[in-house]
2 protein chains.
Amino acid sequence: MGDPTLSPSSTPPAAPGHLHEHVITSLRDMVLRGELVAGRKVPEAMLCARLGISRTPLREALKVLAAEGFVALRPNRGTVVVPIDPEGLAQLFEVKGALERLIGLCLPDRIDVDALARIEALHGEARAAMEAGDMHSYTRGNHAFHEALAAGTRNDALMQTYSGLQQKILRARYAVNAQPERLRRSMADHERIMAMLRAGAALDLARCLEEHSRHTGQAMLRQLRRQETAKE
Amino acid sequence: MGDPTLSPSSTPPAAPGHLHEHVITSLRDMVLRGELVAGRKVPEAMLCARLGISRTPLREALKVLAAEGFVALRPNRGTVVVPIDPEGLAQLFEVKGALERLIGLCLPDRIDVDALARIEALHGEARAAMEAGDMHSYTRGNHAFHEALAAGTRNDALMQTYSGLQQKILRARYAVNAQPERLRRSMADHERIMAMLRAGAALDLARCLEEHSRHTGQAMLRQLRRQETAKE
DNA sequence: CGAGGATAAAATGAATTCAGAAAATGTTCA
DNA sequence: TGAACATTTTCTGAATTCATTTTATCCTCG
């Protein structure tokens with residue numbers, strides 16, 4: 001199969017300044033969305049052209065991605081996009097479960113009305129997306145919903161750690177085709193989560209969140225394994 | 001006040017090749033050990049001389065450290081070492097507690113004899129260091145002990161996440177003067193942890209580890225706050 | 001004597017350049 | 001014909017260089 005056909009001239013020369021964050025974000029998005037194919041070498045020259053930068057800032061960004069675990073730098077042999085393996089995904093969910101529990105335990109004590117309102121709003125959006133059958137929109141809404149829950153704890157370390165895991169998981173989410181049945185079950189979990197949150201029941205909320213994470217993880221794993229075996 | 005007086009000529013010109021990891025590790029160590037003072041600008045030129053490299057690889061490493069949260073890159077205004085604030089430290093311990101619990105829950109099921117032997121050995125070393133009153137050695141031993149527990153779960157994501165938190169906490173640990181009384185209590189916790197681990201009591205082990213983390217965190221916070229107020 | 005502003009110095013961000021290593025290509029010889 | 005070696009080409013890692021921005025210094029003017 002051929003290259004992903006990235007058009008080299010999609011961005012104008014780009015104004016000088018500090019484009020760090022932008023370059024990192026762009027690259028990470030490309031990895032997450034599967035535009036940079038797992039297992040393949042990162043096309044340095046093309047990305048430079050694509051982003052309108054030289055190799056220096058690109059390599060700086062690749063170093064950061066490597067530290068985050070999205071790519072691997074093999075000395076003198078180029079950079080490769082690390083593949084998603086089911087074992088690693090299961091491990092990510094295991095850690096995420098522990099954090100979800102912590103979120104549930106902290107949230108009722110610390111959440112304020114604004115945060116609760118935002119969570120309610122995001123929950124509504126996700127439900128609307130599900131009812132409309134808009135998978136892509138649901139994925140984004142679901143992600144935002146859980147991030148908002150984490151944010152409600154007012155713990156930056158927790159948020160950052162949680163987001164890091166979510167991003168890695170998001171990569172797999174893009175790679176697997178979500179099942180409509182799964183969406184409905186996920187939404188049912190969300191309804192229960194909201195009920196516990198409104199009731200301020202920390203322990204129950206913690207259990208719900210942990211369980212929800214486990215369910216999601218198991219479903220994704222099954223689907224990923226199914227797709228992998230189907231490819232052979 | 002003057003510079004930390006870092007001798008520019010401590011390393012020879014350095015052979016060419018891939019020194020990435022080494023540069024990152026060196027810089028991180030300097031931050032952790034307080035050699036690069038919190039709040040102050042990172043002396044780029046001096047570090048280049050010190051490490052025998054040019055600005056390009058140094059800046060790549062600084063980007064990684066920035067992503068890890070040890071330094072902050074202010075656009076066009078230089079890089080600064082981020083200060084340790086008690087609030088952030090408390091948050092780190094909160095997250096660590098959740099991971100400790102997970103470690104405790106998983107460990108009895110997954111640990112093998114080799115890992116258990118290594119943990120026992122590290123536990124012995126830490127105790128010896130405590131009895132000898134060697135603070136520095138105890139700190140290292142304690143760190144290695146907990147890392148080994150995490151490693152015993154055979155979950156890479158958990159290990160990486162845990163190590164990341166531990167490193168940030170380690171920075172504060174270097175900054176506060178440990179109290180001998182604290183050391184003894186810590187060691188008592190470790191004895192209980194080992195007992196639970198040998199007994200294979202997952203839930204109890206989880207509780208012990210979580211509690212131990214909370215105690216350690218509270219003690220460090222008190223000490224940090226005490227030192228901060230003493231400085232004024 | 002002090003505030004405001006112009007000029008000089010420095011430091012930052014990024015492109016370019018250069019040396020060394022790996023892969024690809026071509027050639028020779030069994 | 002095909003395997004082993006030599007050569008060329010490409011690519012990687014890092015130093016150097018360059019433009020821009022910021023900071024410091026100094027001069028003028030109130």
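Chain A is the first sequence line, chain B the second, and so forth, proteins listed ahead of strands; every chain is numbered from 1. Side chains included, hydrogens not; waters and symmetry mates left out as well; all remaining heavy atoms used.
Heavy-atom neighbours of A:Arg182 CZ from other residues, nucleotides or ligands within 6.0 Å: above the threshold of 12.
Closest approach to the B:Arg55 side chain among C:dT16, D:dA14, C:dT12 is made by C:dT12 (side chain taken as heavy atoms from C-beta onward). Here the side chain of A:Asn76 is nearest to one of C:dA14, D:dA15, C:dA22, namely C:dA22. With distances taken from any side-chain atom of A:Lys41 to the nucleotides D:dA14, C:dT16, D:dT12, the minimum falls on D:dT12.
One interatomic measurement links the two molecules: CG of A:Leu58 to P of C:dT16, which rounds to 14 Å at whole-angstrom precision. A:Ile24 has its CD1 atom 12 Å from the P atom of C:dG13, to the nearest Å. The separation between B:Arg74 atom CZ and D:dT22 atom P is 12 Å, rounded to whole Å. Taking atom NE2 of B:His22 as the reference point, atom C1' of D:dA14 lies 16 Å away to the nearest angstrom. To the nearest angstrom, P of D:dT12 lies 17 Å from CD of A:Glu60. Distance B:Leu62 CG to C:dG13 P: 10 Å, rounded to the nearest Å.
Listed here is the closest heavy atom pair of B:Val23 and B:Ala61: CG1-CB, 3.6 Å.
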Which side-chain N or O atoms in residues 97-107 of chain A pair as donor and acceptor under 3.5 Å with protein atoms at least two apart or in another chain?
from	atom 1	to	atom 2	distance (Å)
A:Glu100	OE2	A:Lys96	NZ	2.9
A:Glu100	OE2	A:Tyr162	OH	2.7

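A residue-by-residue look at B:Arg77 and A:Lys63 shows that A:Lys63 has its nearest nucleotide of DNA chain D further toward the 5' end.
The aromatic rings of A:Phe145 and A:His190 sit parallel, their planes meeting at an angle under 30°, below the 60° perpendicular limit.
The shortest distance between the side-chain N/O atoms of B:Thr56 and the OP1/OP2 oxygens of D:dA14 is not below 4.0 Å. Close to C:dG13, at under 4.0 Å from its OP1 or OP2, lies a side-chain N or O of B:Arg59.
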